[in-house]
Amino acid sequence: MKRWLKAGIARTKPHAEAQGIVVEGRRKANGGRSRVFITMAVFFGIYATITGRLVYLGMQEPETGQFFGGGRMAASRPDILDRNGQVLATDIKSASLFAEPRRIVDPDEAVELLSTVLPSLDYEQTYRKLTSGSGFAWLKREITPRQQNEILQLGIPGIGFRPEKRRFYPGGPTASHILGLVNIDNEGIAGMEKYVDGQGLADLRATGLVSASSLAPVNLSIDLRVQHIVRDEIATAMERYHAIAAGAVVLNVNTGEIMAMASVPDFDPNNPFNAHEKDRLNRMSAGVYEMGSTVKSFTTAMVLDAGKATLTSSYDASRPLSMGRFTIRDFHGKGRVLTVPEVFIYSSNIASARMAMDVGIAGHREFLHRLGLLDRMQTELPEVASPTEPKEWKQLNSITISFGHGFATTPLQTAVAAAALMNGGKLIPPTFLPRTQAEADEVAVQVLNPRTTMDMRYLYRLNAEKGSGKRAEVPGYRVGGKTGTAEKVVNGRYAKDKRFNAFLAAFPIENPQYVVLSVIDEPKPEKPGMGATAGSNAAPIVANIIRRSAPLLGVKPEFGHESGALLVSN
Amino acid sequence: MASRVDRGPVATWWWTVDRWYLAAFLSLMVLGVVLSFAASPAVAERIGLDSFHFVERQIMFMIPALIAMIGVSFLSARNVRRLALLILAGSLLLMLAALFIGVEVKGARRWVALAGVSVQPSEFMKPAFVIICAWLFAEHRRQPEIPGNLFAMILLVLVLALLVAQPDLGQTMLVAGTWGVMFFMAGMPWIWILLLGALGIAGALAAYTVFPHVAGRIDRFLTGEGDTFQVDTGREAIIRGGWWGQGPGEGTVKRILPDSHTDFIFSVAAEEFGIVLCFVVVALFAFIVLKGLRFALREEDDFTRFAVSGLVILMGFQSVINMSVNLQLMPAKGMTLPFISYGGSSLVAMAISMGMVLALTTRRPERRKTSDYVFPPRILPAE
């Protein structure tokens with residue numbers, strides 16, 4: 001205090017003595033003060049503007065009819081039906097119970113009456129809610145119509161219901177991966193539910209035009225009956241072969257429609273508490289795998305299509321093939337020169353490698369690319385993984401890829417490419433929506449010589465008759481197929497005891513209508529001493545699926561001439 | 001209460017401190033805690049924390065903030081300068097360090113971990129920068145041969161460079177704006193005003209072209225198209241609140257506002273407590289700014305004038321930007337509402353800077369004299 005006082009006096013003195021300077025300083029200071037005044041005025045103006053804006057917003061009426069935040073009303077969604085009109089997903093109305101605590105007359109009585117209808121209601125918590133004096137409180141979401149009726153009859157004042165929509169899947173987990181999920185606001189977050197939202201439903205909903213009755217149901221290409229069979233078979237197989245996962249797809253080779261597709265373990269979309277567990281992904285489209293020997297179908301088709309070989313050509317598989325520090329061997333080695341059909345049915349790695357070498361690295365890559373095996377598949381389902389391939393293709397990559405190692409692709413994609421081998425050489429993008437033959441022809445791309453298709457049908461049938469696919473045989477339906485037993489990569493090495501098996505099949509082989517692909521992840525021998533190769537587990541899955549579903553798919557059995565290979569002219 | 005005859009430091013403080021200011025700052029702090037109960041539980045639950053995580057931390061930070069504010073308010077003007085110099089040097093070093101060792105949050109390096117607490121040094125830099133610039137401007141006015149203005153400019157460029165490097169365009173704008181107004185009040189020649197104004201416009205255009213997110217925000221503001229979810233939701237909250245609000249805890253829009261506890265707390269306040277409370281908040285900030293400027297109008301000592309006005313302008317700008325974004329008066333820009341938004345560094349730094357305001361506005365005898373009293377016009381020389 002004293003110091004300030006002193007300073008003040010000290011400063012006053014020189015001012016009084018030299019007035020000229022003071023006047024100058026004062027003038028300057030005044031200039032500065034007017035600027036302070038301008039600043040004040042500007043700030044005052046800004047704050048006044050803000051106040052004005054607040055008043056303006058205060059005059060606005062809140063938009064009514066919409067509940068924000070926790071109270072948002074679930075929106076309507078179209079039903080999803082299978083190709084025959086069976087309901088796969090639908091909206092059901094439910095009511096949610098709320099209270100307006102301010103209007104509750106007797107909280108004690110209210111809680112007691114309510115708990116006669118809803119015994120699970122927590123007494124303490126509900127009592128606290130009702131006595132809080134607030135304007136709104138949820139008591140129980142999504143109660144049954146019967147409970148609603150009983151509560152209405154109690155006649156408690158200050159209690160009401162808000163209608164809500166809830167998605168219901170009558171089939172439970174049957175088509176869970178295809179249908180996907182919706183969130184609490186009834187917005188699609190996975191699978192075809194998400195696709196449906198992406199088709200303008202979300203925009204439509206924003207404009208408020210959507211009511212349950214105005215939405216046309218969405219039909220899928222799925223046949224619920226076949227879907228049930230497929231899921232049933234893979235679920236059984238997963239248990240029987242003690243596998244960690246299994247999956248299968250039935251694809252129409254001429255239209256690209258997916259008739260059924262399932263992957264287990266899956267989830268129940270009605271109660272999807274575990275849907276996000278890593279293990280429950282849709283392995284058919286969202287998982288990539290080294291498909292193993294099934295890829296030899298493509299290697300063989302490639303060499304035939306390129307004109308580098310015919311069915312009568314032969315390849316030397318007498319000695320293991322040395323490639324740098326790697327040696328390529330055969331599992332079912334014959335130790336001799338093999339013809340192309342022999343290469344196929346004995347699944348020779350050495351000969352497949354030689355086929356790839358014949359075509360060359362660039363040609364090999366181009367061929368897989370042409371069949372869409374190296375690119376992310378385009379389809380309606382959002383859960384689609386991108387295949388992986390080596391950054392740089394060297395000779396060794398090309399060789400291992402020729403027998404299905406070193407590049408990973410989705411099983412669905414493999415089935416789609418296989419359809420091109422069977423249907424006359426047309427690559428048709430897969431779809432989960434119904435598609436006519438004419439529409440399919442528009443999007444189809446001719447990728448192979450039709451002649452190659454004839455050869456491949458012969459080889460597929462031959463392999464089912466004489467090769468590793470014997471257990472896929474279904475009397476009357478002339479199945480042809482190729483097995484694949486791939487060792488899984490664990491920590492960067494191929495593990496001898498962990499396999500990923502697949503069976504890629506088509507039927508009826510003389511004019512294939514459907515491709516069926518089954519995969520089974522880490523199967524163990526069914527009983528000790530039995531094998532765990534694709535021929536012993538993946539092939540029977542396909543056989544069972546075809547046996548049960550072929551009549552539903554409209555394929556007529558033909559008995560009498562069981563040797564399909566003979567029908568195919570060479 | 002302390003006796004008037006008591007000459008101890010506390011008693012002196014109590015009788016000289018500006019109690020209106022003290023009351024305004026304390027009310028803002030209390031409002032901050034009250035509103036954090038409304039705004040932050042929803043955010044905390046959304047990111048998986050305990051409901052009252054942010055509330056607890058806000059209250060926890062309030063304690064050092066309060067101590068800092070009161071403590072700093074005891075300082076003399078000279079010690080305020082010393083403290084500012086210390087803080088400025090420290091925070092500039094930390095900002096430099098943050099560029100290399102800082103934690104990257106949402107693409108910006110603004111935070112450093114100091115003894116287990118993550119600190120945003122740029123928050124502390126702002127008041128210190130204002131004080132040092134005020135001192136430089138004042139020195140230049142007192143003795144024009146001291147290149148104070150030049151030093152202030154160099155300091156500004158240094159600070160802006162560090163802020164752009166983070167990048168933190170909001171703070172850049174804030175610091176540049178505050179500096180500009182201070183320089184304006186310190187008697188910047190009009191030619192400089194034009195020059196800096198042009199430079200400012202050029203800078204804004206450069207930001208528009210260089211940073212796509214800036215361009216996007218401005219386009220969205222001008223056209224109203226694109227992703228304006230946060231801003232629209234904020235507006236919805238205010239409208240739903242109406243004059244008297246939905247009542248404490250009754251807000252629902254706040255649950256879907258992503259930054260409800262920081263940048264959009266003003267909207268939450270409106271939804272739950274009504275526009276009337278917003279008027280109170282606006283009035284508090286306007287009071288602080290205008291009172292500070294009025295003080296500058298009367299104050300004799302140049303340093304004190306510039307420092308006080310600089311500090312209140314800094315706070316004023318920050319509050320204006322935050323509230324304008326909430327009210328859709330300007331493009332979206334992340335800016336905290338001083339004292340009210342959640343944020344430890346910003347709270348403590350704001351408390352320090354308002355402590356400085358308190359320290360500089362204490363009543364001192366030399367201010368009693370008005371120029372009119374000492375130099376009545378009639379004694380001016382006639383010539």
Side-chain angles (χ1 to χ4, degrees), chain A residues 1-12 15-16 19-20 22-23 25-26 28-44 46-64 66-72 102 132-137, chain B residues 7 12 16 42 76 141 181 184-188 233 235-240 242-243 246-247 249-256 270 274-275 278-279 282-283 285-286 289-290 293-294 296-297 300 302 305 309 313 316 320 323-324 327-329 364-369 371 374-375 379-381:
Chain A
M1 206 55 143
K2 245 180 196 168
R3 211 178 56 212
W4 296 338
L5 212 61
K6 236 192 217 159
I9 292 165
R11 192 176 295 175
T12 326
H15 282 230
Q19 276 193 359
V22 171
V23 171
R26 231 178 84 75
K28 221 166 139 189
N30 263 340
R33 278 176 174 63
S34 74
R35 290 190 173 187
V36 175
F37 204 76
I38 294 173
T39 315
M40 279 177 85
V42 169
F43 264 101
F44 185 79
I46 296 174
Y47 282 117
T49 312
I50 288 176
T51 311
R53 176 76 175 175
L54 276 170
V55 172
Y56 166 77
L57 289 178
M59 301 292 201
Q60 302 265 311
E61 282 297 311
E63 292 165 36
T64 48
Q66 256 180 313
F67 299 100
F68 275 86
R72 193 197 294 256
R102 276 184 204 143
S132 68
S134 66
F136 182 93
Chain B
R7 286 297 161 111
T12 308
T16 56
S76 65
R141 259 171 90 91
V181 176
F184 173 74
M185 293 204 306
M188 163 166 52
T233 317
R235 182 166 164 272
E236 189 61 42
I238 297 172
I239 293 176
R240 263 178 66 82
W243 294 109
Q246 298 275 320
E250 297 289 304
T252 51
V253 183
K254 65 173 185 182
R255 290 190 212 149
I256 52 174
I275 289 174
C278 294
F279 286 147
V282 175
F285 283 114
V289 173
L290 294 178
L293 291 173
R294 189 165 145 266
L297 209 56
E300 286 291 323
D302 276 337
R305 283 178 56 203
S309 46
I313 285 167
V320 163
M323 293 191 285
S324 301
L327 298 173
Q328 277 187 317
L329 286 172
R364 270 163 266 177
E366 68 263 40
R367 289 214 195 90
R368 290 218 189 116
K369 64 175 169 60
S371 47
V374 176
F375 310 111
I379 66 161
L380 290 176

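The chains referred to below are lettered A, B, ... by the order of the sequence lines, with proteins before strands, and numbering in each begins at 1. These values consider heavy atoms only, across backbone and side chains, with no hydrogens, waters or symmetry-generated copies.
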Side chain from CB out, backbone as N, CA, C, O: work out which of these in V42(A) comes under 4.5 Å of a heavy atom of chain B, or both, or neither.
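Nothing of V42(A), per the 4.5 Å heavy-atom cut-off to chain B.
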
Give, as side chain, backbone, both or neither, the part of L54(A) having an atom under 4.5 angstrom from any heavy atom of chain B.
both

Is [X] in contact with chain A via its backbone, its side chain, both, or neither, using a 4.5 Å heavy-atom distance?
X: V282(B); answer: both
X: L327(B); answer: both
X: V320(B); answer: both
X: L329(B); answer: side chain

Looking at every heavy atom in both L293(B) and S309(B), which two are closest together, and how far apart are they?
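Reported closest heavy-atom pair: CD2-CB, 3.6 Å.
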
Please check if the side chain of R305(B) supplies one atom and the backbone of A296(B) the other of a donor-acceptor pair under 3.5 Å.
yes

If only atom types and distance count, is the side chain of Q328(B) paired as donor or acceptor with the main-chain N or O of R235(B) below 3.5 Å?
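Not at all, since once roles are kept as given, no pair shorter than 3.5 Å links the two residues.
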
Calculate, to the nearest 0.5 Å, the distance between atoms CD1 and CZ belonging to I46(A) and F285(B) respectively.
14.0 Å

Could you check whether any side-chain heavy atom of M185(B) comes within less than 4.5 Å of a side-chain heavy atom of F37(A), counting everything from C-beta outward?
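Answer no - side chains too far apart.
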
